[in-house]
Each structure stands twice: as C-alpha cells, then as structure tokens.
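In this text the structure is predicted, and so the values were computed from the model without any measurement.
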Amino acid sequence: QVQLVESGGGLVQAGGSLRLSCAASGSVFSITAMGWYRQYPGKLRELVAAITNAGSTNYADSVKGRFTISRDNAKNTVYLQMNSLKPEDTAVYYCTADLRREKIVDVTTRYWGQGTQVTVSS
C-alpha cells in the first residue's frame with residue numbers, strides 16, 4: 001500500500017506564511033511528478049503547483065511569486081512554501097504523487113493525500 005501524509009495546514013492572517021509537507025510511504029519504487037492541488041467548497045480541485053523528479057516546476061498564475069514548491073527525493077517528500085497569503089487562498093490543499101510501486105511493473109499511478117485545511121483570515 002501507499003500513503004501520502006500531509007501536514008502544516010492551519011489558520012494564518014493575511015500576509016502570513018505556511019509550509020505544507022507531504023510524505024509518501026509504503027510500497028514506493030519511484031516517483032515522477034509531485035504536486036499540490038486545492039479545492040474550494042463546491043468546486044473542482046485545481047492545480048496549485050507541480051514539480052518533476054528533475055526539479056522542473058509549474059505554478060498556477062494566482063500563486064506565482066508567492067508559493068514555492070520543492071521536494072526531497074530521498075525522503076519522498078514534497079513541500080509547499082506559501083508566503084503573502086490572501087483570504088482567497090483559503091481552501092483544502094491536497095498533495096499528489098505519480099509513482100510506480102514495483103520495478104518489474106511499469107505502471108504509474110497518481111495517489112492523493114487526505115487533504116489539509118488552510119484558512120487565511122483578513
């Protein structure tokens with residue numbers, strides 16, 4: 001089995017910072033892309049940021065210049081540093097990992113974390 005465990009969410013005032021972490025554990029052979037999505041009530045999940053195993057990154061326009069995604073490949077962990085937070089960043093944040101569970105089976109599957117609430121007060 002594979003688990004993605006998130007941490008770091010919480011309540012912060014506008015202009016503040018939070019750092020989210022997400023660690024993949026269990027039967028993990030390799031991880032290609034990792035990322036963060038967020039979901040507003042009644043809306044579909046949207047991509048916030050993504051990073052490949054080579055370190056290439058992609059950001060939603062709404063977070064460029066404020067959020068930074070990074071990863072520690074040795075720890076199978078992805079981070080999201082969120083600065084200059086705004087009330088509109090309030091959402092549930094989910095991490096993802098595109099991974100292979102076995103060396104002999106070339107199948108990549110996207111796994112999701114359980115979600116962590118980020119609330120930014122004005």
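Both L4 and V48 are part of a single hydrophobic cluster, where members link through side-chain heavy atoms under 4.5 Å apart. When the side chains of ILVMFWY residues are joined at heavy-atom separations under 4.5 Å, either directly or via intervening members, V78 and V92 end up in two distinct hydrophobic clusters.
Among residue pairs with one or both ends in residues 4-24, those qualifying as side chain to side chain donor-acceptor pair (under 3.5 Å) are S17-N83; sequence neighbours excluded. Evaluation of the ring-ring contact (aromatic ring centres under 6.0 Å, His included) test over residues 54-91, restricted to residues two or more places apart or in two chains, returns none. Applying the side chain to side chain donor-acceptor pair (under 3.5 Å) definition to pairs two or more places apart or across chains, those involving residues 26-40 are Y37-R110, R38-Y40, R38-E46, R38-S62, R38-D89, R38-Y93, Q39-R45. Under the ring-ring contact (aromatic ring centres under 6.0 Å, His included) criterion, no residue pair touches residues 10-35, with sequence neighbours excluded. Pairs of residues two or more places apart, or lying in two chains, that qualify as disulfide (SG to SG under 2.5 Å) and include a residue from residues 14-111 are C22-C95.
A donor-acceptor pair under 3.5 Å is formed between the side chain of T77 and the backbone N or O of K75. For R71 (side chain) and G35 (main-chain N/O), no donor-acceptor pair under 3.5 Å exists by modelled atom type.
Taken to the nearest 0.5 Å, the OG atom of S56 stands 8.0 Å off from the CD1 atom of I51. In this structure, CD on Q1 lies 7.0 Å from CZ on R101, to the nearest 0.5 angstrom. Within the model, atoms CZ of R66 and OG1 of T68 stand 11.0 Å from one another, a figure rounded to the nearest 0.5 Å. Taking OG1 of T109 as the start and CG of L99 as the end, the distance is 7.0 Å to the nearest 0.5 Å. Note: M82 CE to I69 CD1 = 11.5 Å, rounded to the nearest 0.5 Å. Note that the OG1 atom of T52 and the CG atom of N58 stand 10.5 Å from one another [nearest 0.5 Å].
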Test log, rule side-chain contact (heavy atoms from CB on, under 4.5 Å), inputs V118 and L18: CA-CA 9 Å; V118 171; L18 283 174; 3.9 Å; yes
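For Y111, there are no ring-ring contact (aromatic ring centres under 6.0 Å, His included) partners, not counting sequence neighbours.
In summary, of the residues considered (V120, L11, V12, L85), a side chain to side chain contact (heavy atoms under 4.5 Å, CB included) with T90 occurs for V120 alone.
Residue Q3 qualifies as open at atom CD: its count of foreign heavy atoms under 6.0 Å is 12 or below.
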